[in-house]
Enquirer: 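What follows is a structure written as structure tokens; I'll ask about it next.
We use all heavy atoms of the structure for the numbers below, so side chains are in, but hydrogens, waters and symmetry mates are not. Counting from 1, the numbers follow the sequence of the chain as shown.
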Amino acid sequence: MKTTNQWNEVDSVYIRKKLNEYNLTKIPEEVKHAVKNVSSILRNDEGDIVGGITGNINWYCLHIDFLWVDESLRGKGFGRELIKNIEEIAKENKCRIIQLDTFSFQAPDFYVACGYKIVGVIENHPTDSMNQYYLAKKLL
């Protein structure tokens with residue numbers, strides 16, 4: 001046996017494939033479906049992207065990857081609009097839950113105000129004065 005400590009894409013894809021194969025042996029058939037990437041994009045009148053939310057759906061769970069609104073537009077309801085849009089996409093795809101993570105310097109209070117519950121916290125990350133929050137919202 002030999003261990004190597006060097007990332008490469010082929011090995012990474014192989015490890016992901018093998019873990020996915022194992023996971024599929026443990027998950028009931030009614031939960032299995034292809035991963036689906038989703039997004040809702042906010043554009044200004046010129047067609048420039050000024051905000052958006054992206055995520056993926058797997059096992060009837062939508063995971064929000066990124067939510068961003070241009071600083072000049074924050075506090076005007078566009079973030080809530082994007083959240084509502086992605087929640088509708090989740091419901092259309094029969095998701096039971098939405099999950100995400102955010103940092104204390106980002107938007108944990110925003111998500112809580114949108115009905116998300118903090119389900120975990122990593123304190124003092126990425127610095128001693130910051131925390132990382134894990135949040136979820138049940139849809140059914």
Side-chain angles (χ1 to χ4, degrees):
M1 288 293 167
K2 177 180 153 184
T3 301
T4 57
N5 297 328
Q6 182 177 359
W7 186 91
N8 79 52
E9 189 169 353
V10 171
D11 293 347
S12 180
V13 168
Y14 179 80
I15 296 301
R16 172 176 263 173
K17 175 181 177 276
K18 297 309 283 183
L19 180 58
N20 285 338
E21 288 173 1
Y22 171 79
N23 290 347
L24 290 174
T25 68
K26 303 298 179 188
I27 299 298
E29 285 300 319
E30 65 269 12
V31 177
K32 295 177 184 177
H33 61 83
V35 175
K36 182 177 183 178
N37 295 315
V38 296
S39 66
S40 181
I41 306 299
L42 178 65
R43 295 180 186 272
N44 64 15
D45 293 339
E46 292 76 37
D48 301 320
I49 295 175
V50 293
I53 188 169
T54 66
N56 62 74
I57 297 172
N58 192 22
W59 299 348
Y60 298 102
C61 170
L62 188 147
H63 182 272
I64 294 174
D65 293 321
F66 303 104
L67 169 61
W68 170 77
V69 175
D70 186 270
E71 284 190 54
S72 66
L73 299 174
R74 292 180 189 165
K76 298 181 179 180
F78 294 111
R80 282 188 183 272
E81 179 181 334
L82 291 167
I83 286 286
K84 284 173 65 175
N85 289 351
I86 208 81
E87 288 177 356
E88 283 304 312
I89 291 170
K91 290 173 186 173
E92 290 167 6
N93 284 274
K94 299 179 176 75
C95 291
R96 293 185 286 260
I97 193 166
I98 300 174
Q99 62 183 16
L100 62 101
D101 69 286
T102 190
F103 292 96
S104 52
F105 61 87
Q106 292 177 321
D109 294 336
F110 166 77
Y111 291 111
V112 169
C114 290
Y116 290 75
K117 302 226 181 302
I118 296 172
V119 296
V121 179
I122 299 176
E123 295 177 344
N124 304 314
H125 176 70
T127 70
D128 288 345
S129 64
M130 298 174 185
N131 296 327
Q132 184 173 11
Y133 295 88
Y134 292 86
L135 296 99
K137 184 175 187 177
K138 292 186 179 181
L139 299 176
L140 301 176

Enquirer: For Lys36 versus Asn93, what's the shortest heavy-atom pair and its separation?
Expert: NZ-OD1, 3.1 Å
Enquirer: Stepwise, does the side chain to side chain contact (heavy atoms under 4.5 Å, CB included) test hold for Asn37 with Thr54?
Expert: CA-CA 8 Å; Asn37 295 315; Thr54 66; over 6 Å; no
Enquirer: How close do Lys26 and Tyr22 get, counting heavy atoms only, and between which atoms?
Expert: CE-OH, 3.3 Å
Enquirer: If hydrophobic clusters are built by linking Ile, Leu, Val, Met, Phe, Trp and Tyr wherever their side-chain heavy atoms come under 4.5 Å apart, do Leu62 and Phe110 end up in the same one?
Expert: yes
Enquirer: Applying side chain to side chain contact (heavy atoms under 4.5 Å, CB included), run through Leu24 and Lys32 and close with a yes or a no.
Expert: CA-CA 8 Å; Leu24 290 174; Lys32 295 177 184 177; 4.0 Å; yes
Enquirer: With rounding to the nearest 0.5 Å, note down the distance linking CZ in Arg43 to CD1 in Ile49.
Expert: 4.5 Å
Enquirer: Hydrophobic clustering (ILVMFWY, side-chain heavy atoms < 4.5 Å, transitive) - are Ile41 and Phe78 grouped together?
Expert: no
Enquirer: Hey, could you give me the OH/OG1 distance between Tyr111 and Thr102, rounded to the nearest 0.5 Å?
Expert: 5.5 Å
Enquirer: Partners of Tyr60 by ring-ring contact (aromatic ring centres under 6.0 Å, His included), sequence neighbours excluded?
Expert: His33
Enquirer: Quick check: closest heavy atoms across Ala136 and Ile97, and the distance to 0.1 Å?
Expert: CB-CD1, 3.9 Å
Enquirer: Hydrophobic clusters here meaning ILVMFWY residues chained together by side-chain heavy-atom distances under 4.5 Å, can you tell me if Val69 and Val112 are in one?
Expert: yes
Enquirer: Are Ile98 and Ile118 in one and the same hydrophobic cluster, where Ile, Leu, Val, Met, Phe, Trp and Tyr link if side-chain heavy atoms are under 4.5 Å apart?
Expert: yes
Enquirer: At their closest point, which heavy atom of Lys137 faces which heavy atom of Gly115, and how far apart are they?
Expert: CG-O, 3.8 Å
Enquirer: In Å and rounded to the nearest 0.5 Å, what is the CG to CG distance from Asp48 to Asp70?
Expert: 10.0 Å
Enquirer: Taking all non-hydrogen atoms of both residues into account, name the closest pair between Ser40 and Asn85 and its distance.
Expert: OG-ND2, 3.0 Å
Enquirer: Surrounding OH of Tyr14 (heavy atoms of other residues, nucleotides or ligands, distance under 6.0 Å), is the total greater than 12?
Expert: no
Enquirer: First locate atom CD1 of Ile64, then atom CD of Glu87, and finally report the distance between them rounded to the nearest 0.5 Å.
Expert: 7.0 Å
Enquirer: Salt bridge between Lys84 and Glu81, side-chain N to carboxylate O under 4.0 Å?
Expert: no
Enquirer: Using the rule that two of Ile, Leu, Val, Met, Phe, Trp, Tyr join whenever any of their side-chain heavy atoms come within less than 4.5 Å, decide whether Val119 and Trp59 are in one cluster.
Expert: no
Enquirer: Can you tell me how far the CD1 atom of Ile122 sits from the CZ atom of Phe103, to the nearest 0.5 Å?
Expert: 8.0 Å
Enquirer: For residues Lys2 and Thr4, report the shortest heavy-atom separation together with the two atoms involved.
Expert: CE-CG2, 3.8 Å
Enquirer: Atom CD1 in Ile86, atom CD1 in Ile57: separation rounded to 0.5 Å?
Expert: 7.5 Å
